[in-house]
Amino acid sequence: MSTLLTAAAPTAWTALQVMQDAPVIPVIVLNDVAHAVPLARALVAGGVRMLEVTLRTPQALACIEAIARALPEAVVGAGTVRCKADAQAAAEAGARFAVSPGYTSAVGQACRDAGLALLPGVATGSEIMMAQEDGFTELKFFPAMQAGGPAMLKAWSGPFFDVRFCPTGGVSLQNAADLLALPNVVCVGGSWLVPADAMAQGDWSRITQLAADTQALRVR
Ligand code: 3PG
C-alpha cells in the first residue's frame with residue numbers, strides 16, 4: 001500500500017479569522033517595493049499581522065509578493081479588489097484574503113475561485129442582501145464614517161442580526177473604540193497605522209508604535 005504525500009497547503013483563512021486576529025486591519029498604500037517588507041515587519045512587531053495592501057499603485061502586486069515571500073508570520077491580503085482580474089492577480093502574488101470597496105457577484109465568485117477569503121464592501125441594505133445571497137456574512141462597511149458610522153451599524157443590527165462588519169473609512173484611534181464596542185463589529189480597517197510621511201522617512205519604529213497602540217482596543 002502506498003502513501004500519497006502532498007505538499008502542505010498554506011493555511012486557508014476565513015474572512016472571520018482575518019477579522020478576529022487584531023482590532024485593526026491596516027489599509028496600506030505602497031508606492032515603493034523597497035518599503036513593503038520593512039513596513040510589514042514593523043506592523044507585525046506591533047502585533048498586527050493581517051495586512052491589506054491596496055491595489056492602487058503599480059507596485060502593489062510586487063509588494064504583496066515581497067511580503068508573502070519574506071514574512072511567513074504576516075498574512076498579506078489585497079485591498080481595492082474590484083474585478084476578477086484583480087482577484088486572480090492578487091492570489092498569484094501570494095495574497096491570502098481580499099477586500100473590495102463594493103460588491104458584485106463576479107468579484108465574490110472570482111475570490112472563491114482563487115481561494116481568497118473576501119471581505120466584501122457594502123454601504124446599503126441592498127448591498128448587504130446581495131452579499132448574503134452569495135454566502136458572505138462578514139462584510140466591510142465602507143465608507144463607514146461617511147455613510148453613517150456607529151448609528152448605521154446599530155440600525156443594521158436588527159434586520160441584519162447575522163452579519164458582522166469591519167467598518168473602514170474615516171476610522172481613527174479616537175473613534176475606533178466606539179465602533180468596536182458594537183456587537184456586530186469584529187474589527188475596523190484604517191490607514192492611520194501607516195502614515196505616508198513615516199513610510200517616506202523609513203520611520204518604522206513609529207509604525208510599530210501605532211500598531212501596538214491598537215492592541216488596547218481589544219474588547220473581546
Ligand atoms: C480606503 O480604502 O481608503 C480605506 O477606507 C481607508 O480609509 P481611511 O484612510 O479613512 O482609513
Side-chain angles (χ1 to χ4, degrees), residues 15 18-19 21-32 35-36 39-40 42-43 46 48 50-61 63-64 67 75-83 86-87 89-90 95-104 107-108 111 116-124 127-128 131 136 138-153 156 164-180 182 184-200 206-207 209-217:
V18 170
M19 290 165 83
D21 206 63
V24 184
I25 297 175
V27 177
I28 302 166
V29 180
L30 279 159
N31 291 293
D32 186 342
H35 289 162
L39 170 71
L43 290 165
V48 174
M50 297 289 165
L51 312 178
E52 177 189 339
V53 176
T54 56
L55 301 185
R56 290 182 205 179
T57 64
Q59 299 81 8
L61 288 168
C63 291
I64 289 172
I67 296 167
V75 180
V76 63
T80 324
V81 171
R82 295 177 299 171
C83 62
D86 286 346
R96 313 291 292 284
F97 66 92
V99 184
S100 58
Y103 182 69
T104 66
V107 159
C111 288
L116 291 173
L118 172 65
L119 279 176
V122 295
T124 67
E127 290 161 8
I128 295 172
F136 295 96
E138 281 81 36
L139 309 177
K140 164 180 167 170
F141 174 27
F142 175 78
M145 297 310 286
Q146 297 87 339
M152 189 75 149
L153 287 154
W156 279 343
R164 285 170 285 198
F165 296 95
C166 169
T168 306
V171 181
S172 65
L173 189 62
Q174 286 66 43
N175 61 18
D178 287 345
L179 292 161
L180 287 161
L182 299 171
N184 57 347
V185 171
V186 180
C187 69
V188 299
S191 62
W192 85 87
L193 277 66
V194 188
D197 62 332
M199 200 141 53
R206 182 171 153 213
I207 288 170
Q209 187 59 52
L210 287 166
D213 289 346
T214 68
Q215 301 306 319
L217 294 168

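Computed from heavy atoms alone, side chains included, the values below leave out hydrogens, waters and symmetry copies. Order of listing sets the numbers, starting from 1, for every ligand and every atom in it.
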- From L193 atom CG to R206 atom CZ, the distance as rounded to the nearest 0.5 Å: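 The CG atom of L193 sits 11.0 Å away from the CZ atom of R206.
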- Query: Between CD of E52 and CD1 of I25, what distance do you get to the nearest 0.5 Å?
  - Reply: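 Atom-to-atom, E52:CD and I25:CD1 are 7.0 Å apart.
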For ligand 1, what N or O to protein N or O distances fall under 3.5 Å?
| residue | atom | partner | partner atom | Å |
| --- | --- | --- | --- | --- |
| ligand 1 | 2 (O) | R56 | NH2 | 2.5 |
| ligand 1 | 3 (O) | R56 | NH1 | 3.1 |
| ligand 1 | 3 (O) | R56 | NH2 | 3.1 |
| ligand 1 | 9 (O) | S191 | OG | 2.5 |
| ligand 1 | 10 (O) | G170 | N | 2.7 |
| ligand 1 | 11 (O) | S191 | N | 2.9 |
| ligand 1 | 11 (O) | S191 | OG | 3.2 |

Is there a donor-acceptor pair closer than 3.5 Å between any side-chain N or O of [X] and the backbone N or O of [Y]?
{"X": "T54", "Y": "I28", "result": "yes"}
{"X": "D86", "Y": "A78", "result": "no"}
{"X": "E127", "Y": "G121", "result": "no"}

- Message: Tell me whether the rings of F165 and W156 are parallel (<30°), tilted (30 to 60°) or perpendicular (>60°).
- Response: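 If you compare the ring of F165 with that of W156, the planes turn out parallel.
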